[in-house]
Amino acid sequence: MRWDVVIGLEVHLQLATESKIFSGAATQFGAEPNTQACAVDLAMPGMLPVLNEQAVRYAVMFGLGIGADIGLRSVFDRKNYFYPDLPKGYQISQFQEPIVGRGHFDIQLEDGSVRRIGITRAHLEEDAGKSLHEDFHDQTGIDLNRAGTPLLEIVSEPDLRSAEEAVAYLKTLHSLVTSLGISDGNMAEGSMRCDVNLSLRPAGSDTLGTRAEIKNVNSFRFVEKAIHYEIERQADILESGGTVVQETRLYDADRDETRSMRSKEVANDYRYFPEPDLLPIIIEQSWVDSLRARLPELPRAKRERFIADYGLSPYDATVLAAQRPLADYYEAVVQACGDAKIGANWVQGELLGQLNRNGLELAQSPVSAEALAALIQRIVDGSISGKIGKQVFEAMWAGEGDADSIIEARGLRQVSDSGALEGMVADVIRGNPEQVAQYQAADEARRKKLSGFFVGQIMKLSKGQANPQMVNDLLTQQLDSASANGDS
Amino acid sequence: MHDLSVAELALGLRAKHFSSTELTRHSLARINTLDTHYNSFITVDETGALAAAAQADARLANGDTSPLLGIPLAHKDIFCTEGLRTSCGSKMLDNFIPPYDATVTRRLREAGTVLLGKTNMDEFAMGSSNETSFYGAAQNPWNTQRVPGGSSGGSAAAVAARLAPLATGTDTGGSIRQPAAFCGITGLKPTYGRVSRLGMIAYASSLDQGGPMARSAEDCALLLNVMAGFDPLDSTSSERPTEDYSAGLEKPLAGLRIGLPREFFGAGLEANTHTRIRDALALLEQQGATLVDINLPHTELSIPTYYIIAPAEASTNLSRYDGVRYGHRCEAPRDLHDLYTRSRQEGFGDEVKRRILVGTYALSAGYYDAYYRKAQQVRRLIRQDFLDAFTKVDIIAGPTTPGPAFGIGAKTSDPLAMYLEDVYTLAVNLAGLPAMSVPAGHVEGLPVGLQLIGQHFAEARLLNVAHQLQQASDWHLQAPPEANV
Amino acid sequence: MTVHEDDIEKLAELARVRIAPEEVAEVTTRIATILGLVDQLQSVNTGAVEPMANPLDAVQRLRADAVTEGNRREAFQAIAPAVENGLYLVPKVIE
């Protein structure tokens, strides 16, 4: 039997605020346990939440970025359950009246086709702490540093049909939120965590099957693998006449499987009700409008602009516009060197190549946009060839200094002195009479091919530093005059 | 010294008739000898009090004229005090020493008051008699066989017995006013949002409000002047500027329209109490006030409404007491579930557990709309009754309680009878209004309280009316007979 | 609405308060009485009345995004029942 796959994603996005959503404690990743948990985060008696303005602003910016209805009135609710990483015994979340309503964005698949994915809602809530199960002789250790970190929970419609689409959705979402600057999008640090809702139905049917929810899948690759596994698991059950149980499952990356977390399902009754320690959030339309006016350029618009203004190919524009840091880097290079196309080649080629090979983030690049632009300028102005440029780039990457000092120190400057070059050309012509004869006997088309031999010899002689354009000119001049002489 | 008003004490301190240290020693000595009979304190902080008194004396010597500088006071044990055990009347917090102050305690510390200790209360403020306290019931100084009321019973008893001139209290459904009435003192529940709730251990978040308890309206005004004010750390705190609550006390009452809700003078009101209330109202009338009969038609619904909202909010407010980060933790928990259930079973008393269960029920799946949401709707109707009434009258008056203090143990077996005690006070919290209880004579040696209810933020007006009544009467000056001890 | 003993046991589980088996019957009766009292509300016609969350109908104030709280772990953990290496300890949580 053939099955249609129906997937909806819930993404928990950490917002890039300085302080927590309801307290003045810091949100930095990686601090010593419980050093960033203040009295509010620890749910000390009598402590009260006060809402962080930046979290609200970021949520609204997200809503604007996906063309959503902004909840001009939204309400926080308490979601009640007991767990050691949840100090109050309830999570402050939004249930009935979320801050972001229905919206959508487009995803592009590898075959170039575009699909529009609906967003049901996005709401603000607080993150929980972390449970550490190792090294405490049968005890679990609780670190509440993360408790109270602002989250935006983004719920998609069940519009996704494959693992590929789910990954494309997440990548597009990642690109959107980092472009907006509302999240660092660092998946390794848990800034973007994903729950997958997946069900199967007979191909062509329009009734939804029973779904399973796979919790906390924390990388693009794991999302892909978890979905593949889950599709197979559900198909096996259905094809052998069984029924899928509606339940929460956990993806185990080590074993590459999902497994039931039925223990957590027992009598969940969250007893949602409006959080009485917080009041309704009323947002002025004028504030929303001012945020809209100041919204950073989003990836789609940026891509269009790169094509129109810089003459980039759609492919190059997509790559360079997807992530704001890379796009900013690229534009800084273009601004400093003045050549958009060569800039694009260098950023995509050498820079991304080196970053990938070394497993580095752009922010960790040893070569700044300005430094790369200075190198490109030397190529554009003919000081060095593109090929030598790659050598210089490697030296820059290794920390040997800026482009000019490396060119200087290694003596890589292109030979553009016509006197010196004329001598070299003459030497080569003199040393290869046979080839000169062939050249002179050849017609116009063949001459072009044959001149390559001479250029190669001259480059060898100059250790690659001869200005290729000048070499060509001088060579043609001398060979032609040599043949003219021979004719006479 | 213990019979002087706070204004008189402040004058005495500034005129060097006595020092804050002498005054504090006097209060501590009275607590030591008398409180064995009242059990009004859970914790007495002798060392801290004397240190604060010494500091106050130094400030006084420097000519500091802060109104409450050097004045001893007691905090209800619901306000967190840095470095001083804050139990909330519960075994759960018997070992809890907060590393922080409540906004109220911080403000009063900074104002130079001398904290004598923390007063007894119903566990987590859930009760109307002080009998649910883990530390045993406090007794009414007028008759130690009677309850002092609750939940701020310890504060009321301490002030009535002249152990402390001032005390703080909190009022969720009458918890300042009812014990003030039972103990013959003056207590004010401010408008919701007037006094910060930060560091005040939550019972029902949308109803809780801290306020002053003292012998007179004048003293209450002095305490409220320090307690009240905007707190950026409490989202429900009002940004509206405060006023000098002492400034308008002397305003004459001529032209004042006092509304008497028919629902407050019905069959439930004991006859003698009714008479005392009428006598007090007559005094106000003599001063130029006019009495107008009004209706608050939804009064009766305030009991069910309150007993949904308060337990619902409490049931989740109390989830943080899980034995993990502070407070009581059971011995040798077998597993996580055991840690939670046994710590909470051992740490909470019966009434608290009962309200947690009721609240859990009211919020559980399928019941939310029928209970909590419905109650929040009725709450709006109750508030509307008051808003309608205030188009015709300036303040509303009536009894604080149906009768005087009942006997210890008289209602413990019947929670419902206890809940009905609150019929005149609950609606005020649901509507978020300010209200006072003012002494209005006695019935068989037990005090009766007149309740005054004002419009939102009309604390100054209430204090003015109460003060004028106290200028024309001496009920608030009468002390329980110490021979009674 | 009526409430039965097994309802009370479920509520107790949800609220993590243990009711001793011999007390369940009494607690059930008491809770049923209270629920009987609050059931008065069911007869009130509240139609389109907006539920009232705050008596002043106030709205939420927003706090500037600034770190105002430093590390006070030592003070907070001094009152904790069980800590090790800066972590709060609980019996092993089984996933």
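Note on naming: letters A, B, ... go to the chains in the order of the sequence lines (proteins, then strands), and numbering restarts at 1 for each one. Everything quoted here is computed from the prediction, not taken from an experiment.
Here B:Ser205 contributes atom OG and C:Asn54 contributes atom CG; the two are 11.5 Å apart, rounded to the nearest 0.5 Å. The distance from the CG atom of B:Leu420 to the CG atom of C:Leu37 is 7.0 Å, given to the nearest 0.5 Å. Atom CD1 of C:Ile79 is separated from atom CZ of B:Arg325 by 10.0 Å, given to the nearest 0.5 angstrom.
Of the atoms belonging to B:Glu239, it is side-chain heavy atoms, and not backbone ones, that fall under 4.5 Å from chain C. Of the two parts of C:Asp57, the backbone and the side chain both hold a non-hydrogen atom closer than 4.5 Å to a non-hydrogen atom of chain B. In this structure, no portion of B:Glu313 lies under 4.5 Å from any heavy atom of chain C. Contact of C:Arg63 with chain B is not made at all, since no heavy-atom distance falls under 4.5 Å. Contacts between B:Ser343 and chain C at a heavy-atom distance below 4.5 Å are absent for every atom of the residue. Contacts of B:Phe457 with chain C are made by side-chain atoms alone, with heavy-atom separations under 4.5 Å and no backbone atom involved. With a threshold of 4.5 angstrom between heavy atoms, B:Arg383 approaches chain C through side-chain atoms but not through N, CA, C or O. Heavy atoms closer than 4.5 Å to chain C are found in both the backbone and the side chain of B:Ala375. Using a 4.5 Å cut-off between heavy atoms, B:Leu318 makes no contact with chain C at all. With a threshold of 4.5 angstrom between heavy atoms, C:Arg18 approaches chain B through its backbone and through its side chain. Neither the backbone nor the side chain of B:Ser319 has a heavy atom closer than 4.5 Å to any heavy atom of chain C. For C:Ala12, the parts lying under 4.5 angstrom from a heavy atom of chain B are both the backbone and the side chain. If you measure heavy-atom distances from C:Gln60 to chain B, the contacts under 4.5 Å come from the side chain alone.
For the residue pair B:Arg329 and C:Val90, the shortest heavy atom distance occurs at NH2-CA, 3.9 Å. When all heavy atoms are compared, the tightest approach of B:Gly327 to C:Pro81 is O-CG, 4.0 Å. Here the closest non-hydrogen pair linking C:Pro91 and B:Leu339 is CD-CD2, 3.7 Å. Counting all heavy atoms, side chain and backbone alike, C:Pro55 lies closest to B:Arg379 at CG-NH2, 3.7 Å. Minimum interatomic distance between B:Leu416 and C:Ile34 (heavy atoms only, all atoms of both residues): CD1-CA, 4.3 Å.
Side chains of B:Thr341 and C:Val17 form no contact here, defined as non-hydrogen atoms less than 4.5 Å apart. Put simply, the side chain of C:Gln77 does not reach to within 4.5 Å of the side chain of B:Tyr326, judged on heavy atoms. Side-chain contact between C:Gln42 and B:Tyr371 is present, with at least one heavy-atom pair separated by less than 4.5 Å. The shortest distance between side-chain heavy atoms of B:Leu381 and C:Val44 falls below 4.5 Å. In this structure, the side chains of B:Tyr361 and C:Asp7 stay at 4.5 Å or more apart for every pair of heavy atoms.
Listed for the B:Lys353 side chain is no donor-acceptor partner under 3.5 Å among the backbone atoms of C:Val27. Between the side chain of B:Gln377 and the main chain of C:Pro51, no donor-acceptor pair closer than 3.5 Å is present. Proximity of a side-chain donor or acceptor of B:Arg344 to a complementary backbone N or O of C:Arg16 within less than 3.5 Å is detected. Not a single donor-acceptor pair under 3.5 Å links the side chain of C:Gln40 to the backbone N or O of B:Pro304. With hydrogens and angles disregarded, a donor-acceptor distance shorter than 3.5 Å links the side chain of C:Arg61 to the backbone of B:Asp234. Side chain of B:Arg354 to backbone of C:Arg30: no donor-acceptor contact under 3.5 angstrom is found.
In terms of heavy-atom pairs under 4.5 Å with chain B, the best-connected choice from C:Val59, C:Leu62, C:Leu56 is C:Leu56. In terms of non-hydrogen atom pairs under 4.5 Å with chain B, the most contact-rich of C:Ala75, C:Ala15, C:Ala20 is C:Ala15. Chain C forms more heavy-atom pairs under 4.5 Å with one residue of B:Tyr100, B:Tyr307, B:Phe230, B:Tyr372 than with any other, namely B:Phe230. Of the listed residues B:Thr236, B:Ile356, B:Leu301, the one with more heavy-atom pairs under 4.5 angstrom with chain C than any other is B:Leu301. Comparing B:Ser364, B:Gly347, B:Ser235, B:Gly432 by how many heavy-atom pairs each has under 4.5 Å with chain C, the most go to B:Ser235.
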Exercise. Let me see the working for B:Lys374 and C:Thr46 under side-chain contact (heavy atoms from CB on, under 4.5 Å), right down to the final yes or no.
Key: CA-CA 7 Å; B:Lys374 184 89 174 178; C:Thr46 47; 3.2 Å; yes
Quiz item: Would B:Leu357 and C:Ile19 satisfy side-chain contact (heavy atoms from CB on, under 4.5 Å), going step by step from the backbone distance to the final call?
Solution: CA-CA 10 Å; B:Leu357 291 178; C:Ile19 307 292; 3.9 Å; yes
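Atom CG of C:Asp6 has more than 12 neighbouring heavy atoms from other residues, nucleotides or ligands inside a 6.0 Å radius. Within 6.0 Å of atom CD in C:Glu74, 12 or fewer heavy atoms from other residues, nucleotides or ligands are found, so the atom counts as exposed in its surroundings. Counting non-hydrogen atoms of other residues, nucleotides and ligands closer than 6.0 Å to CD of B:Glu331 gives a total of 12 or fewer.
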